[in-house]
Every structure is written in structure tokens, then in C-alpha cells.
Protein chains: 2
Amino acid sequence: MRASDRAYDTLRQEILDGVLTPGSLLGEVEQAERLGLSRTPLREALSRLIADGLASQTRGRGTVVSSISVADVDLLFELRLPLEVQSARLAAERGDPARFTALADRFTAAEQTLRARQRERDPAQADERYYALTEELDEAVSEAVANPYLSLALRSMRAHLVRARRLSQHAPERLAASAREHREVCAAIASGDPETAGAAMLIHLRRSLAYITAQHETAQHETPQHQTAQHATAQHSSTDA
Amino acid sequence: MRASDRAYDTLRQEILDGVLTPGSLLGEVEQAERLGLSRTPLREALSRLIADGLASQTRGRGTVVSSISVADVDLLFELRLPLEVQSARLAAERGDPARFTALADRFTAAEQTLRARQRERDPAQADERYYALTEELDEAVSEAVANPYLSLALRSMRAHLVRARRLSQHAPERLAASAREHREVCAAIASGDPETAGAAMLIHLRRSLAYITAQHETAQHETPQHQTAQHATAQHSSTDA
DNA sequence: GTCCGCATCGCTGTATACAATGAAGGGATG
DNA sequence: CATCCCTTCATTGTATACAGCGATGCGGAC
């Protein structure tokens, strides 16, 4: 693996994880020393981050991590909705039913686990397992669709969504409901019905967006500062709930 | 403007125009000398092209222009359909009716011009004007939607589509029909009706894909070699017809 | 006291030199 | 005669040195 690739992967993950917060100045010398490489491969990494829209540069002032706000969630969902609905439809046409039936069962189990969340020792661990499950679904859908162009658009979109979603948080009730919605999506894909799969995905995304919007409006009135506090605690990189 | 930006723009345009054909080896030294710059900025340009999917590199063997085939048209339309339909819907909600009414009129005029194509001295010129008009529509829609994430996804998709579409060609009848379909899209957007706008766009894209598919099947049986001959003549960069 | 201009400094942008890796060709050996 | 290995070369990957641009801070003038 090339040094520039490592630098890109590292910086990208750090931006997505919120380690590098929006507005952070990415000095070339500073980052090169930190990552243990020279400026040349680092600059290639920055070029790619800028192309991804994760960073931006101003002539003479250097490269900074792109800012993102809750308002971007609305814009991102305008892109996410058609992409994911289309993916669900195509997955229903092409996917292996057995694989999605298995995923549907796991989402059913996950829902029960999440509803019994308060009894667990480490509730956050259940959340993490659930987020990992949604990522498995994303992966399964992407493989079933077998369309590199669509997959790439989804990957790019999700990178931004992860950052925007970090500004919100999820109540356990929402995660359980999300699990049920995901189960419906899996079941519809497994049954090979594109229309139903698309509709199930549409329902899931609409509810997800509605929840985020409602939660943000509440937070605006009560505790606007909890958004930044979330930065440190959130560890997963899922886009979904 | 930075040298690396110029290199990126130049190479990207040359790949889209078909000057650099799929499979062309992009030697770093060779291209750096040709474009009159050093290897460092050129490598940054290549990184971006690779990120765009327009080129790919194999360790030790250098960077080559990505191959593309007519089969990719189907995959690209699986992405294009939901993106453009969504764009049309949002443009109908947010766009300036006057601007799209004006565009509708121009498409009406373009249709008549294209139907009278054989009487012109330079039929290709009429085609060029029409392609420019479709690009104006794309631009107007993108501005009306005012969603950078959606616009970026469209831009990336269109880059590939231009290359794939270069493998086909358009009969004058198809262009005239395309103009009429575009007029319907403009009218629907101008009327502020998202459902109709999305449907009009859907119809246009389905017919466009059907035409390309049919034309390719015909070409497969009759003159498979005309596809490469098209490379030299096509000058426009429109994705549309 | 404030504002304009200039010099300095730090950073980015570019070029070049060096290192390392993989491909290709020729020769030797089975 | 085929095959395997080794040498050689070209090309990429990385580091560093240099140049140019913009930001910043100080000094002077109004």
C-alpha cells in the first residue's frame, strides 16, 4: 500500500469519526509529520479529500476540513432517497433471497435486543452491534445491485451523511423502530419484489429523516450544546437509524 | 489557477472527448512534458482522475484510461434515472417558472429546426446547438435544485455517460423526439408540478435508453466497426438525446 | 489615534533528485 | 528446445529543495 493511500484512508476516517472537526486546518507540514511521511504523498491525499468534498482549500490559507451542519441532512436525504430506493429495487431483482432472509431474521432479533436494551450491562454495545448490522445490509445490497457507478455514488453520499448525522443522536426507541423497518426492507428484497422493496426503503428513510428533523428542532429549543458533546462519544460510522 | 488543476481539466476533457481513448497509457513523464509541467502536479491530477473512475492504475504498470463499453450505459442509466427524476422534481418545486418556460420555447424551436435539418447547409451545426441547449437545461435544473451533493453526483455520472454515449450515435429523428420530450420536462417544471416533472423526465430517459439499446443491437448485427469511427467526428460533450 | 503601506514570514505550489519496485529480455541450464 | 533465473531497464513512489504568493504585524504618516 502506498503512503499516499494510507494518508488518505487515515485522514478520511478521522474526518468521518469527528476526530478532525469541521474547520480544522490541515497544515501540510504538520500532518505530514504526524502521519510520518513527506509532503508529496500527503498532498495527493488532500487532493482526494477535496475531490470528495470532505475538505476545501483557499488559495494561500491552506486546506481545512469542510464544515457541515444539520441543514445538510435535508440536502443529503434528497440525494439519499432516490439512491437507496433504486438500490433496494435492483437488489430485489438481482439479490440472493436466502441472504436477505437471513438478514431479515437478524434484524428481527436485533429489534428484540434493542427493546430489552435497558437490561443490558452495556447498552452502547447493543447499539454498536446494530450499526454493524446495518452496514452489513448496505454491503449486501451493494453487492446484489452489482453496479459500481451506483455504489460509488452511495459511498460518497454516506461519507457526508456520517458527518452530518454525528450532529444528532438516537433514542433506543428509534433504533428498535429502525430495526423493524430494516427487517421489512430485507423481507421485500428477499421476496424479489422491487416495488415493495423500494416502498419499504422509502418508508424507512422518510421516518429516519422525520426523526432527525424532529429531534433537532427539540434540541434547538432545549439543549443546543449537546450536539458538540456528541462528538466524543460516538464511535460507530454507520449512516443509519 | 494551479498547474495541477489545469492538468486535471485538460486530461479530463480529453478523456471525455475521446482524444484519450480507453486503455491509453498515461505515462507520468510523457504527459508531464506534453502538458508543460512537472510530475508532481501531474500526479495530483491523475489521483483525481482515478478517484473519478476515469482512470485506473496497476502497481508498476502505470495509469491507464478506464475502459468503457456500451454495456455500461445500462448501469449508468440505473444511476441516472433516479438522479435526474429527483432533480426534475426538486426543480419543479424550487425553480423559477419564467426561466423554464423560456427553455421550453427554445426546445420547441429546436425541434422544428431539427426536423428541417436536411435543408441546412451544416446539419452537424444544428446538432451542436441542440446539445448546447440540453446542457443549458442541465445547468438550469442544477441551479434550481440548489443541492451541491446532488449536483456533484450528477456531474460525476455524466462524465462516464459522455464516454459511454460516444459509442453510440443519434439519428436526426431521435434528436427531434428528444427535443419534444425535453420541452415537456421544461413545461412541467415551469408549472411547478413535481410529479409531472419527474414523470416527464422518466419518459425521456426511458426512451433515450431504449433508443440507444435498440441502436446498439442493430449495430451489432450490421456494422460493429462504426462505433470507433464515431470517435473522431463527435465534438460535443452532451450526455443527452 | 487611526489608517495606510511595506517588509517579513510562513505556507503552499512546483521542480528535481533519489529510491524502490515491477516488467522485460537474454542467457544458462536441465 | 523449453524453462527458469538473473540482470537490466524503465517507471513509479517518495523526499527535499526552491520559488512564489498571501497573510500578518509593525512602523510611519496624516
Side-chain angles (χ1 to χ4, degrees), chain A residues 1-16 19-68 148 152 159 163, chain B residues 1-16 19-68 148 152 155 159:
Chain A
M1 164 111 43
R2 298 181 303 177
S4 63
D5 291 335
R6 278 190 292 112
Y8 172 75
D9 291 340
T10 304
L11 289 174
R12 184 176 189 274
Q13 200 57 52
E14 286 180 350
I15 293 173
L16 264 54
V19 178
L20 294 172
T21 57
S24 301
L25 182 68
L26 299 175
E28 294 183 1
V29 180
E30 172 196 354
Q31 296 299 320
E33 286 179 0
R34 184 172 73 90
L35 300 175
L37 39 79
S38 176
R39 276 183 59 215
T40 306
L42 183 91
R43 281 178 60 87
E44 285 188 23
L46 290 180
S47 292
R48 294 175 64 183
L49 290 174
I50 291 161
D52 291 341
L54 293 175
S56 56
Q57 60 183 346
T58 55
R59 177 95 181 182
R61 271 203 19 214
T63 306
V64 294
V65 177
S66 296
S67 61
I68 193 143
L152 198 67
R163 284 171 19 100
Chain B
M1 164 106 52
R2 298 181 303 177
S4 62
D5 291 335
R6 278 189 292 110
Y8 172 75
D9 291 341
T10 304
L11 289 174
R12 184 176 189 273
Q13 199 59 51
E14 286 179 350
I15 292 174
L16 264 53
V19 177
L20 293 171
T21 56
S24 300
L25 182 68
L26 299 175
E28 294 183 3
V29 179
E30 172 196 356
Q31 295 298 320
E33 286 180 359
R34 184 172 72 89
L35 299 175
L37 38 80
S38 176
R39 276 182 59 215
T40 306
L42 183 90
R43 281 177 60 87
E44 285 187 23
L46 290 180
S47 293
R48 295 175 62 182
L49 290 173
I50 292 162
D52 291 342
L54 293 174
S56 56
Q57 62 183 346
T58 55
R59 175 96 182 181
R61 272 202 22 214
T63 305
V64 295
V65 178
S66 297
S67 61
I68 194 145
L152 199 67
R155 171 190 151 89

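Below, read A as the first sequence line, B as the second, and so on, with proteins coming before strands; counting in each chain starts at 1. Below, each value reflects all heavy atoms present in this structure, side chains not excepted, and no hydrogens, waters or symmetry copies.
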Roughly, in whole Å, what's the span from [atom1] in [X] to [atom2] in [N]?
X	N	atom1	atom2	value
A:Met1	C:dG22	CE	C1'	18 Å
A:Gln57	D:dG22	CD	C1'	14 Å
A:Ile50	C:dT12	CD1	P	11 Å
B:Leu26	D:dT11	CG	P	13 Å
A:Asp5	D:dT12	CG	P	16 Å
B:Glu28	C:dT21	CD	C1'	13 Å

Is the shortest side-chain N to carboxylate O distance from B:Asp9 to B:Arg2 below 4.0 Å? no
Across all chains, not counting sequence neighbours, the salt bridge (charged side-chain N to carboxylate O under 4.0 Å, His left out) partners of B:Arg155 are none
Of all residues at least two apart in sequence or in a different chain, which pass the salt bridge (charged side-chain N to carboxylate O under 4.0 Å, His left out) check with A:Arg12? none
Contact check, side chains of A:Leu42 and A:Leu26, non-hydrogen atoms, under 4.5 Å: no
To check you understand the geometry: which heavy-atom pair defines the closest contact between B:Gly53 and B:Ser66, and what is its length? O-OG, 3.0 Å
Looking only at heavy atoms, the pair that brings B:Asp5 and B:Met1 closest together is CB-SD, 3.4 Å
DNA chain C contacts made by residues 30-46 of chain B, counting heavy atoms under 4.0 Å: B:Leu37, B:Ser38, B:Arg39, B:Thr40, B:Pro41
